[in-house]
Amino acid sequence: MSEIKIHLPDGSSAIHESGMAVRDILTSWKKASLKSAVAAKVNGVKVDLSFRVEKDADLEPIEIGSKEGLDILRHSISHVMAQAVQESFAGVKVSIGPSIEDGFYYDFDYSETFTLEDLQKIEKKMRDIVAADLPFIRREVSREEAVELFRKKGESYKVELLNDLPEDVKEVSLYIDGEYVDLCRGPHIPSTKMIKAFKLMNVAGAYWRGDEKNKMLQRIYGTGFATEKELKEYLNFLEEAKKRDHRKLGKELDLFQVNDEVGPGLVIFHPKGALLRMIIEDWERKEHLKRGYDIVQGPQILRGDLWKKSGHFDHYREFMYFTEVEGQLYGIKPMNCIAHMMIYKSKIRSYRDLPLRYFELGTVHRHEKTGVLHGLLRVRQFTQDDAHILCTPDQLNSEIRAIADFVGYAMKIFGFDYEVELSTRPEKSIGSDEDWEMATAALEASLKDNRMAYEVNVGDGAFYGPKIDFKLKDALKRKWQCATIQCDFTLPERFDLSYIGPDGEKHRPVMLHRVILGAIERFMGVLIEHHAGAFPLWLSPVQAVLMTVTDNQIPYGENVYLQLLDAGVRVERDFRNEKLGYKIREAQMQKVPFMLVIGDKEVESSRVSPRQRDGKNLGPMGPDEFIALVREKCIKYE
RNA sequence: GCCGAUGUAGCUCAGCCGGUAGAGCAAGCGAUUCGUAAUCGCUAGGUCAGGAGUUCGAAUCUCCUCAUCGGCUCCA
């Protein structure tokens, strides 16, 4: 028997017999390491603890507390769930069951629908399996053998998966725990006993292989953690997130409504919501003018022919609303670009005019499928902070960089973290290969120049060009695309845009589509959740509520009210005949940043006593002093 | 669009196996004038999402439509 040399993560090495199991090597290294290890990496490849090491190797345990460890744990729990489902319900076919960001799921094909009571039953069964301490045993078999096995079991989805494997795959691995066999790459935890904390969350429909042409399966979502404590923390997080839901807060803070009678996906902004929106839009206009944009405004409906010319009629029609006026077809705009093109075309342009940056808070309509609508985050009418930049190919890079800077600045002001993605050519698209390559390269180059970390999203571009997407997260950690930069060589071509170059010849400009906050509605939704409705002072629709202790202070209160209004403070009065505590509670629940208390003392000294939303009392001060305080904070975007 | 769940007063919700609706908060009125998260009392409020059916009788059972929620697919 030959000897092998194992390098361990602490820098030490050990000599063992070839063929020794990872479990035993780890035990002889550090006994304790086996308690928390769910699997291991041998030369960087994830393996089970039962894996036998044949040659010299680097060995590293995968801890249950690590991200990779948690993934493996959850994946194993999904197997246990599938096992429990099969043992509890006859005729269930399994398909796939991976771990995901916050847990795991498994998709089943079953004639009956799973109910919430069924989930409890499944959970109970799972606990039995966990208690039985069943080892996960890996078996490698030939592809044919696996096909035969699953065919016999009637597991047609597994057979389909096997048949679709690349031809050079000759062997596949199975994992067996108790009676249950699953096709799986692994690795898995050594035994079901290692599962300490899990919970099944909900059932939902999901298409087989994510394709809407395929059969819809039933997906059971669950989550699992290394410890009960972490599971509890996660469940608490979900509770907290629910409280932050912008749809709930939108109602509580009286910001907006989405009403059946009006139509799905159509938002009505109430006074406070409209005010918040106005504050954001004012900020936008100011920042765009600062950066050399021109503010423009296009019409809401444009002739059908124009949409045919732009390619929207062929590629975007299913999302568009149309109307007929005097026998002419008109399309309600789903995007703002067309009018901006017409502005460019309104006269001859010189290279000296470029870049031209047209900005519009443009309201668009898109016929989104009913099932995707979601509060403010996915609607059918929305307003984009949209701009189209027409420039020479040489200017492309610096323009993209300037936009990326702008996005970074905006995210800092509003306090968001974000992720960046580069999306490439989709199947359904227009334009030449060269243009797509050039556009994609330009976007990528500017990301690299700016040293921005990004992921590539293959085939996720717009139909007219590739794009850079900036994604924000909502309270439930769902990612929402807000800012985006899209490079477009096609529309300038279709609309025959040109400029006269230094050589006196006509040239074709390049167009960038871009938004900074994206859709104002969506951005507001994410903003509400981000702040849990407690907006910073500069964004708060109501910055202060004046409240009298008794009716005696009303005349003075009216005076202060006018003074604050005149100074531009967004202030409300609560002069009702209620106790102070009641008024404070109400303002507190409305998350108003300042409550200005007026009692006899304040009247006598011509002052107000501000109480902050966090409960801190600032002590009496003159109204002008309070005005100065508000102004100072707003300038600093606090 | 697809799968599943849900839809009762302005809001949050109760209403078991069918016998024509109830609570708290909010609202209106009255009392109280009370200094940092809820003063007390009274009053009013609903074609039980909409439509059709079963039944002597439907919020409750069946079907259809609409909307919402959780996902899938798609997207700002």
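Being a predicted model, the structure only gives us computed values, none of them experimental. In the text below, chain A, chain B and the rest are named by the order of the sequence lines, each starting its count at 1. We use all heavy atoms of the structure for the numbers below, so side chains are in, but hydrogens, waters and symmetry mates are not.
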When the [atom1] atoms of [N] and [M] are considered, how many whole Å apart are they?
N     : M     : atom1 : answer
B/U8  : B/U60 : C1'   : 11 Å
B/A59 : B/U68 : P     : 26 Å
B/C13 : B/A21 : C1'   : 14 Å
B/A14 : B/A52 : C1'   : 29 Å
B/G28 : B/G70 : P     : 33 Å
B/G71 : B/C29 : C1'   : 49 Å
B/C25 : B/U39 : C1'   : 16 Å
B/A37 : B/G51 : C1'   : 47 Å

Would you mind telling me which of [options] lies closest to the side-chain atoms of [X]?
X      : options             : answer
A/M216 : B/C34, B/C2, B/C74  : B/C2
A/T370 : B/G1, B/A76, B/G4   : B/G1
A/P264 : B/A76, B/U33, B/A67 : B/A67
A/E212 : B/G71, B/U36, B/U73 : B/U73
A/E578 : B/A37, B/C74, B/U39 : B/U39
A/T550 : B/C72, B/C34, B/A76 : B/C34

Do [X] and [N] have a side chain to base donor-acceptor pair shorter than 3.5 Å?
X      : N     : result
A/Y207 : B/G1  : yes
A/R378 : B/C74 : yes
A/E602 : B/G35 : yes
A/E368 : B/A76 : yes
A/R522 : B/C75 : yes
A/N552 : B/U33 : no

Would you kindly give the CG-to-C1' distance between A/L546 and B/U36, to the nearest whole Å?
15 Å

To the nearest Å, give me how far apart NE2 (A/H374) and P (B/A76) are.
17 Å

Filtered N/O pairs between nucleotides 6-9 of chain B and protein, under 3.5 Å:
none

Does any nucleotide pair with [N] by Watson-Crick or G-U wobble geometry, both distances under 3.5 Å, and what is it?
N     : answer
B/C75 : none
B/C34 : none
B/C63 : B/G51
B/C16 : none
B/C25 : B/G10
B/A58 : none

A/F108/A/Y106 aromatic ring centres below 6.0 Å:
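Yes, they do, as the ring centres are separated by less than 6.0 Å.
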
Does the ring centre of A/F322 sit less than 6.0 Å away from the ring centre of A/F313?
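Yes, the ring of A/F313 comes within the 6.0 Å limit of the ring of A/F322, centre to centre.
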
Closest-nucleotide mapping onto RNA chain B: is A/G518 or A/V203 further toward the 5' terminus? I mean the 5' end.
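Of the two residues, A/V203 wins.
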
A/Y221 over B/G71, stacked by centroid distance under 5.5 Å, angle under 30°:
no

Detail all sub-3.5 Å separations between protein N/O atoms and N/O atoms belonging to nucleotides 26-28 of chain B.
unit_1, atom_1, unit_2, atom_2, d
B/A26, OP1, A/Y582, OH, 3.1

Establish, for the pair A/R291 and A/Y409, whether the NZ or CZ atom is under 6.0 angstrom from the six-membered ring centre and no further than 45 degrees off its axis.
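Yes; both conditions hold, so A/R291 lies above the ring face of A/Y409.
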
Would you mind calling B/G45 syn or anti? Take O4'-C1'-N9-C4 for purines or O4'-C1'-N1-C2 for pyrimidines, and syn is within 90° of 0.
syn

Scan A/V515 against the nucleic acid and name what it touches under 4.0 Å (heavy atoms): base, sugar-phosphate only, or nothing.
nothing

Partners meeting side-chain contact (heavy atoms from CB on, under 4.5 Å) with A/Q486 (sequence neighbours left out)
A/A462, A/Y464, A/K467, A/T484, A/H513

